[in-house]
Amino acid sequence: MNKKLWGGRFNKQTNQLVEAFNASISFDCRLYNEDIRGSKAHAAMLANCGIISSAEAEAITTGLDEILSDINNDNFTFEQSLEDIHMNIEHRLTERIGDAGAKLHTARSRNDQVALDMHMYVKKEVAETAKLLLNLQQVLINLASQHQKTIMPGYTHLQRAQPITMAHHLLAYYNMFARDFRRLKGVYEGADIMPLGAGAIAGTTLPIDRHFVAEQLSFSQIYANSMDAVSDRDYVIEYLAFASTCMMHLSRLSEEIILWSSTEFGFIELDDAFSTGSSMMPQKKNPDIAELVRGKTGRVYGHLQAMLTTLKGLPLTYNKDMQEDKEGLFDTIDTLKFSLQVYADMLDTMTVNVDKLYQCVSKDFSNATDLADYLVKKGLPFRKAHEVVGKCVRYAIEQQRYLTEISLSEYQQFSELFTEDLLEAIKIETCVAARNSYGGPAYEQTAFQLTRAQEDLNQEQLVVEYFEQNA
Ligand code: ARG
């Protein structure tokens, strides 16, 4: 018996290899919730428009609800011969309720059906991702507020540059993730367009009501063009692009965590619960989580590249190539969500070695720019001040001393602009406190940035609630 839903046109059974090659059920089974919700809304619309009877719509709804609970209770066998989630569910429905089930696909194609499921799925996952992203941002804010006074070296070229605070460093990451959140809102917008009713390509001759479906499923927009509706995968690309950027940020932070937890830096210590040991070397404590997040970033980039490449040569409208949109997206969503979750907990439990950080800034030349600024404030052009301080630094290095250890009379050999107040000006605490330009690391600026960040975060919390209500 040929139980294919397109059986009418065919004389032969599908080749076994073709069946296996063609099937997407092994991965698109994860769309079962969306598929059932979408079908229920579609059936309700068909009844509302007088295309099927309300008794038929009720039978469909009850049948779909039973299938849903069967799937949830592991009581449903997905069959490869039925290719995908859409046909698995529809076939089982018709087996159960007969003719009414066979009417469900009226005025619908799998092309607009799969598009609907994917839009709903992405909307739901945007809500989940958003929650985890905000949680990570909150952890960064909390850590930053604990370390407003924790002075540490800031780096350029991985060479010590100027003194900053741990709070300032962490807030830089907070801001990157805040931009990721903004991008995520864009992903939601792209996914929040309702494709059903586009049919296979060119709509339908039946009197459907697409607005009804959109309202039932909480979509704020409807595709204005049926061909665009079944061909559009921009929202998939947008999620992948957002995820790639977000993973890139996590990966950069990972690089720092890995460096900072080495003996050479010794800036932080990861909690035992968030580190791993070595099977051979008893002394080891490895930052595997950070390394894995850094490693997984490559794979997420790969999914973005793959999707862009898959779509680039496709003529309108649906082509089977588009079935390839799923595995990469699913893997990206799983990878990013897992990374965000584990990262937040890892940061939350790490110990910052405040003393070690302070030692590093007091035993280096991070305050050289401050010494130059001192001369600038006394009227010397910056380029000249740079030259003078360069000489002071060379002198100190030759003497194996730091700038705070050179006496005033020694300084005065380099410029008569140096006076008593110089030693105060190059004290590390002063150097941080005086960097009070907007966006700088001064304590005052940090307090301001922290308040702003928390306010923004509270606003974004409302956005997450909106996502959740409309997913
Ligand atoms: N499994 C297919 C996919 O994921 C569903 C749509 C198939 N449509 C079709 N006409 N073959 O893209």
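Whatever order the structure lists ligands and atoms in, that order sets their numbers, starting from 1.
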Is R252 salt-bridged to E255, cutoff N-O under 4.0 Å? no
Quick check on the 6.0 Å ring-centre criterion: do F330 and Y121 meet it? yes
Parallel, tilted or perpendicular, as decided by the 30° and 60° cut-offs, for the rings of Y155 and F267: tilted
Heavy-atom pairs closer than 4.0 Å: do any link ligand 1 to the side chain of K326, the backbone, both, or neither? side chain
Considering only the protein, which heavy-atom contact is closest to atom 10 (N) of ligand 1, and what is its distance? N111 OD1, 3.1 Å
What atoms in ligand 1 come closer than 4.0 Å to a heavy atom of Q323? 1 (N), 2 (C), 3 (C), 4 (O), 12 (O)
I'd like to check which ligand 1 atoms, numbered from 1 as shown, lie under 4.0 Å from a non-hydrogen atom of S24. 1 (N)
Atom 11 (N) of ligand 1 has as its nearest protein heavy atom R110 NH2, 3.5 Å
Tell me the protein heavy atom at minimum distance from atom 3 (C) of ligand 1, and give that distance in Å. Y318 OH, 3.2 Å
With a cut-off of 4.0 Å, which atoms of ligand 1 are near a heavy atom of D84? 1 (N), 2 (C), 5 (C)
How would you list, by chain and number, every residue that makes a side-chain hydrogen bond (donor to acceptor under 3.5 Å, both in side chains) with E238, sequence neighbours excluded? none
Give a yes or no on whether the ring-centroid distance for H249 and Y173 is below 6.0 angstrom. no
Are D192 and S220 linked by a side-chain donor-acceptor pair shorter than 3.5 Å? yes
Does ligand 1 come near enough to K320 that some N or O of the ligand is less than 3.5 Å from an N or O of the residue? no
